[in-house]
> 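Sharing a structure here in structure tokens format.
Bear in mind that the values here come from a model prediction, so they are computed numbers and not experimental data.
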Amino acid sequence: ECERNAIKESKVKESKVNINTIKEFFSYFLLKTKKAFKLTLTNRNLIRQRLNDGYTIEQMKQAVDNFVLDEWADRQKHLDLIYCIGVRNKIDNLEKWLNYKPLAQEPKARTP
């Protein structure tokens, strides 16, 4: 009985990730990446899954902010959602971008 209630509660929690939250995050992603992707079923499911994994929308937005700061020369060619918050080749990109620290520019030596 207790196990059945836990499963029921879990399903209710999953369904609470509503489409407005998904759209809000996806709009933010498009704004920051300056892209015009469609919100496909695959993208909706990816966003929903990451929210269901326990990440907040604020954490996901922080990952997007860090993702677009990446100094890799080919970043512009790889601005897909999967590279930002998905898991590819066993690498959790959301974790990667949440913890990303852009290279700080060296302070210029002052000359007298």
> Measure the spacing between CG of Asn66 and NZ of Lys32 and express it to the nearest 0.5 Å.
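If I round to the nearest 0.5 Å, the distance is 10.5 Å.
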> Let me confirm one number: the CD1-CG distance from Ile22 to Leu51, rounded to the nearest 0.5 Å.
7.0 Å
> Could you grab the distance from atom NZ of Lys101 to atom CG of Leu69, nearest 0.5 Å is fine?
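So the gap between those two atoms works out to 11.5 Å.
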> Can you see whether Asn93 engages Tyr100 through a side-chain donor-acceptor pair at a distance of less than 3.5 angstrom?
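Result is no, nothing qualifies.
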> Within the side chain of Asn43, is there an N or O that forms a donor-acceptor pair under 3.5 Å with the backbone of Lys38?
yes
> Go through the structure and list residues passing salt bridge (Lys or Arg N to Asp or Glu O under 4.0 Å) with Asp53, not counting sequence neighbours.
Arg50
> Below 4.5 Å, heavy atoms only, C-beta onward: do Val87 and Ile91 meet side chain to side chain?
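No - every pair of side-chain heavy atoms lies 4.5 Å or more apart.
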> Is the closest side-chain donor-acceptor distance between Asn18 and Thr21 under 3.5 Å?
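Yes, because at least one side-chain N or O of Asn18 sits under 3.5 Å from a partner of the opposite role on Thr21.
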> Could you tell me which residues satisfy side chain to side chain donor-acceptor pair (under 3.5 Å) with Glu24, sequence neighbours excluded, listed by chain and number?
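For Glu24, the residues satisfying side chain to side chain donor-acceptor pair (under 3.5 Å) (neighbours in sequence not counted) are Lys61.
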> Does any non-hydrogen side-chain atom of Leu46 lie less than 4.5 Å from one of Ile85?
yes
> Would you say the side chain of Val68 lies within less than 4.5 Å of the side chain of Arg75, judging by non-hydrogen atoms?
no
> Parallel, tilted or perpendicular, judged at 30° and 60°: which one describes the rings of Phe67 and Trp97?
perpendicular
> Is there side-chain contact between Phe29 and Lys35, with at least one heavy-atom pair below 4.5 Å?
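They are not in contact (no side-chain heavy atoms under 4.5 Å apart), so the answer is no.
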> Would you check, one step at a time, whether the test side-chain contact (heavy atoms from CB on, under 4.5 Å) holds for Ile47 with Met60?
CA-CA 9 Å; Ile47 296 165; Met60 291 172 57; 4.0 Å; yes
> Taking atom types as modelled, find out whether Glu95 and Tyr55 have a side-chain donor-acceptor pair closer than 3.5 angstrom.
yes
> Would you say the side-chain atoms of Asn45 and Gln49 include a donor-acceptor pair closer than 3.5 Å?
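Per modelled atom types, Asn45 and Gln49 side chains form no pair under 3.5 Å.
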> For the pair Asp92 (side chain) and Leu94 (backbone), establish whether a donor and an acceptor sit closer than 3.5 Å, ignoring hydrogens and angles.
yes
> Are the side chains of Phe37 and Leu81 in contact, using a 4.5 Å heavy-atom criterion?
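SC-SC contact between Leu81 and Phe37 ruled out.
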> To the closest 0.5 Å, what do you measure between CD (Gln59) and CD1 (Ile57)?
11.0 Å
